[in-house]
Amino acid sequence: MIRFENVGLRYGNGPEVLRDINLELEPGSFQFLTGPSGAGKTSLLRLLFLASKPTRGLIRLFNQDVATLQRDELPDIRRRIGVVFQEFRLLDHLTTFENVALPLRVANQRSSAYRSDVMELLKWVGLAEHANVYPPVLSGGEKQRAAIARAVVGKPDLLLADEPTGNVDPALAVRLMRLFLELNRFGTTVLVATHDTHLISQVKAPVMKLDRGLLTEAA
Amino acid sequence: MIRFENVGLRYGNGPEVLRDINLELEPGSFQFLTGPSGAGKTSLLRLLFLASKPTRGLIRLFNQDVATLQRDELPDIRRRIGVVFQEFRLLDHLTTFENVALPLRVANQRSSAYRSDVMELLKWVGLAEHANVYPPVLSGGEKQRAAIARAVVGKPDLLLADEPTGNVDPALAVRLMRLFLELNRFGTTVLVATHDTHLISQVKAPVMKLDRGLLTEAA
Amino acid sequence: MSSVEAGAKVSESPKLASVPQHQNAIMPRVHVPLGTLVIAMSVMCYLASLAIGGMLLINRAVDKWTSDISGEITVQIRPVVDADITKQTDIAARLLEQTQGITGVTVLSEDEAARLLEPWLGKNRILEELPIPRLIAARIDRRSPPDLAQLSARLKADVKGASLDTHRQWQEELTATAQTLRWLGAAVLLIIAGASVALVVFATRAALETSREVLEVLYLVGARDRFIARQVERRFFIAGFKAGVTGLFGALLTFGLFLLLGSTGNARGLLSAMRELLAGPFDKSYADYLLFPVIPVVATLICLMTARVATMRILRSIF
Amino acid sequence: MSSVEAGAKVSESPKLASVPQHQNAIMPRVHVPLGTLVIAMSVMCYLASLAIGGMLLINRAVDKWTSDISGEITVQIRPVVDADITKQTDIAARLLEQTQGITGVTVLSEDEAARLLEPWLGKNRILEELPIPRLIAARIDRRSPPDLAQLSARLKADVKGASLDTHRQWQEELTATAQTLRWLGAAVLLIIAGASVALVVFATRAALETSREVLEVLYLVGARDRFIARQVERRFFIAGFKAGVTGLFGALLTFGLFLLLGSTGNARGLLSAMRELLAGPFDKSYADYLLFPVIPVVATLICLMTARVATMRILRSIF
Ligand SMILES: Nc1ncnc2c1ncn2[C@@H]1O[C@H](COP(=O)(O)OP(=O)(O)OP(=O)(O)O)[C@@H](O)[C@H]1O
Ligand SMILES: Nc1ncnc2c1ncn2[C@@H]1O[C@H](COP(=O)(O)OP(=O)(O)OP(=O)(O)O)[C@@H](O)[C@H]1O
Ligand SMILES: [Mg+2]
Ligand SMILES: [Mg+2]
């Protein structure tokens, strides 16, 4: 599914943010990624959702070398990946419903086809009543839940979640984690980057620890 | 310092987000505010930093009825309040240094006067090396720390922090909390809204709990 | 207390979980602020309409004058001391009637001759009491025109004081001026089109730059370039159409204003000439007026195509 | 692989904790996209320059013609059968010389008379061989002009075939046309100024709307309206100045082009008339030309003041 071989990443002329990363994720696995602030968690995820390219090393994703991907191949691969961004990245001019349905709309699906699915998902994350409002009026936790819903709405093969519970209470965090586990049961590979030790302790899953760009397996 | 009497808040024609809030904060106190996602924590803080006005009830701030404040009195009051926004609200076109120094710049202070103070504060929150970069290249936790630095740079009389540790690791969270406590020791009234039970347990301070708009003192 | 209440302004009461009816545009309205573009493009379309209007006026004017003139020749018989002007005029008229290719011969009375000269001479009192030469107007069969050089020679030989005026000099002057003005008009149209393209490229770039975050999100959820370009295009399409119609309408108003101004007593010369041309019969030049509705179409196309090409290029260069 | 790399593009190597040298503007450049405004305002300034140029041309033309004409009167003596035209001319000339308020009397030769008529008659062959009336040009002392009505009566009585032409009719026509055109020019300038204000208001609104989040943050950290307005103004000030200079420069280029066109052989009529006026001596109308540098100044002021007022009003209405 995912394989990193000696991957290194630096931004511009700065120091290496990621160094000699070697990792392998089996299809259908569930994995935590943790580490102090600024360790490079988000940077590692960015490599996976093709938002940056490594300065060295090899990344294989869905059995393809990402270095050989053409620009017009990216959309198809990205549609197989769901991402919960650390800073949510909701579009303020679209309603919660539209934000969550965006991956489907962008893939040219007709809104009549996905309407009920999306509404059901919104109910699940507790946003049914907020379907028609715009992100600026959502609370922090509500935004985060909308971001999560958008990431999972397309039933992706790979789910990347960056600090997905930083703005919700512990009870809700567990509920959202259940959503990820559910998806995982149906075959989605899940990678969750988080600081939340409480959350990690509640799910039996391997933990990778990043520290100043270096990876240490299992805490 | 702060007094709420039967305060209620509704947005538009929606239901009341805050109901019958009565509270009093002594000058120099340190207070936590917690509650599930969507309970109204941010809304309560918004009332305090004068971003919305209550639909009913009385709010006194710095011994003034906020309902009687004129538009041109707001800047002076806001300069006495430091706010850490849940979504950071850094300006992407200003460097970290400039973002942190913004309250001083806006108050027409000369940059030569505050330069070294700001740099010292940046060092404290671990952003000294990031002083000259722009927020989009900061990690989530780094942004949060910049937001905190901006809130405290003016040594405000009142510090409002909304989920200030959602994106940093537990060790850093404690360090940042020390910053708040330090400020508090010198007389700043501090109000921290957070879900982080771990954090609350580490500081001996009263906790207010909000649930669906209703306040219940001390958990 | 007035205060920062951005949130509150966009607030909506949480509706019941109703199925949303209307879809918001994918590109945010505020991030593609086309107001300025619409105004600027309106001005461009206005100028284009004026330029086209001007060119039509010139064409009509030239048409009118040259057809008035070149369908006709004039023979003048100036008073000569030792010859009877009336007799000479008769001789000339007969000669013209017999000439192949001349269809109608009219001998003008002295009054008529004076009136005919008026447009060129004005009611100039200096000339009021000059002895007026006699004039003969002759229509030319345009399909088989006579040999004018030969005719001129024969007239000179047979009739005392006669000379043939084919108005060729006037015609040449007119044609030359008209041609220069036509070139100028074409140049103006080209400049306007170029400026419009530049405007749209600018606006597209600005729009894409301001909505960079939106674009990033769209890409990350799997959007293709074509999908995004379509969203952008749509906005420019509407902007172009609006601008085209506004500009054209403005221009028509201006023409109307000229008509009005031209019709008041104290407007003279240029203005009343324009008025005459504007208000003149539509006759055969119907087709020319079709150029006007073309302006919004062209403006829309320029906006659409430029935005499309610019968007695709900028997207490829940014992302 | 090309990919979304917005972050990477803005990336900077984390520098050592150096003291920052340069301050970024508080209002983000992308959120105040004045490119379109600059272009639109340039067009406005261009049009304003053309309008002013046109008005100056008209003024010069009217000045030239009326001063040529009204400083002078012409007496014409038409040929009358029972009188010697040369003798009559002499009588008229002597009469004029004796008249109070007439400073110079010139009897024109036949050739000269014909040439003088040329501008009005063209080299019209119809009139080439007409008996030309004799003309006497007389300068008028403008400080104490003669009683023209009385003069006219005396000439008619004393000289056979004489009449006095004060060119008054021409003058009136000219002045009326010029006045109409001047009104038109003023209207155009007003419209341009109005459109400019509208443009700036639009742009200000767009800028403030797009930078709404920035403004919110500024307010929340304690900024005053005046502080924010100053930041916005600054950008418009620069935009206005750029546009003013560009527009004016463009207009001067256009005038230059006309000069060039006017100087080639095949341009006639209007063009060469314009050329003559443009290239003519600068004489007393120096001051008029100072109107041109005023254009960028006015454009800048319009941008600045409109942006200031609009910003204050919009800020008050939004926040
Ligand atoms: N686009 C970029 N350009 C330059 N430096 C960057 C960029 N993105 C991140 N960095 C830097 O790389 C380092 C790692 O950032 P990253 O976002 O991966 O950290 P993280 O582990 O996600 O931290 P956090 O837990 O705080 O979100 C940080 O020091 C950050 O400043
Ligand atoms: N501007 C607004 N207009 C309308 N509704 C709003 C607005 N802001 C917040 N709300 C609603 O009010 C409720 C309380 O929001 P608030 O942001 O105060 O919650 P919170 O306690 O901060 O939650 P979280 O922990 O998730 O940040 C939410 O349901 C939210 O959707
Ligand atoms: Mg991160
Ligand atoms: Mg909140």
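Throughout, a chain's letter reflects where its sequence line sits, starting with A, and its residues are numbered from 1. The basis for the numbers below is simple: all heavy atoms, side chains too, and nothing from hydrogens, waters or symmetry mates.
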>> If I measure from the heavy atoms of chain D, does B/Arg150 come under 4.5 Å with its side chain, its backbone, both, or neither?
In response: side chain
> Any side-chain heavy atom of D/Val245 sitting closer than 4.5 Å to one from D/Ile295?
Replying inline: no
>> Can you pull out every side-chain hydrogen bond (donor to acceptor under 3.5 Å, both in side chains) where at least one residue sits in residues 192-206 of chain D? Sequence neighbours excluded, please.
In response: none
Tell me which donor-acceptor pairs under 3.5 Å the side chains of residues 137-144 of chain B have, and how far apart each pair is, sequence neighbours excluded?
from: B/Ser139; atom 1: OG; to: B/Glu142; atom 2: N; distance (Å): 3.3
from: B/Glu142; atom 1: OE1; to: B/Ser139; atom 2: N; distance (Å): 2.8
from: B/Glu142; atom 1: OE2; to: B/His130; atom 2: NE2; distance (Å): 3.3
from: B/Gln144; atom 1: OE1; to: B/Gly166; atom 2: N; distance (Å): 3.4
from: B/Gln144; atom 1: OE1; to: B/Asn167; atom 2: N; distance (Å): 2.7
from: B/Gln144; atom 1: NE2; to: B/Glu163; atom 2: O; distance (Å): 2.8
from: B/Gln144; atom 1: NE2; to: B/Pro164; atom 2: O; distance (Å): 3.1

> Top residue by heavy-atom pair count (under 4.5 Å) with chain D, among B/Leu102, B/Val118, B/Asp92?
Replying inline: B/Leu102
> Ion pair present between B/Glu73 and B/Arg71, side-chain N to carboxylate O less than 4.0 angstrom?
Replying inline: no
> Which bit of B/Leu94 comes within less than 4.5 Å of chain D, counting heavy atoms only: side chain, backbone, both or neither?
Replying inline: both
>> Between D/Arg226 and chain B, with a heavy-atom cut-off of 4.5 Å, which part of the residue counts as in contact: side chain, backbone, both or neither?
In response: neither
> Hey, do the aromatic rings of B/Phe49 and B/Phe85 have their centres closer than 6.0 Å?
Replying inline: yes
>> Which atoms of D/Ile228 are under 4.5 Å from chain B, going by heavy atoms: the side chain, the backbone, both sets, or neither?
In response: neither
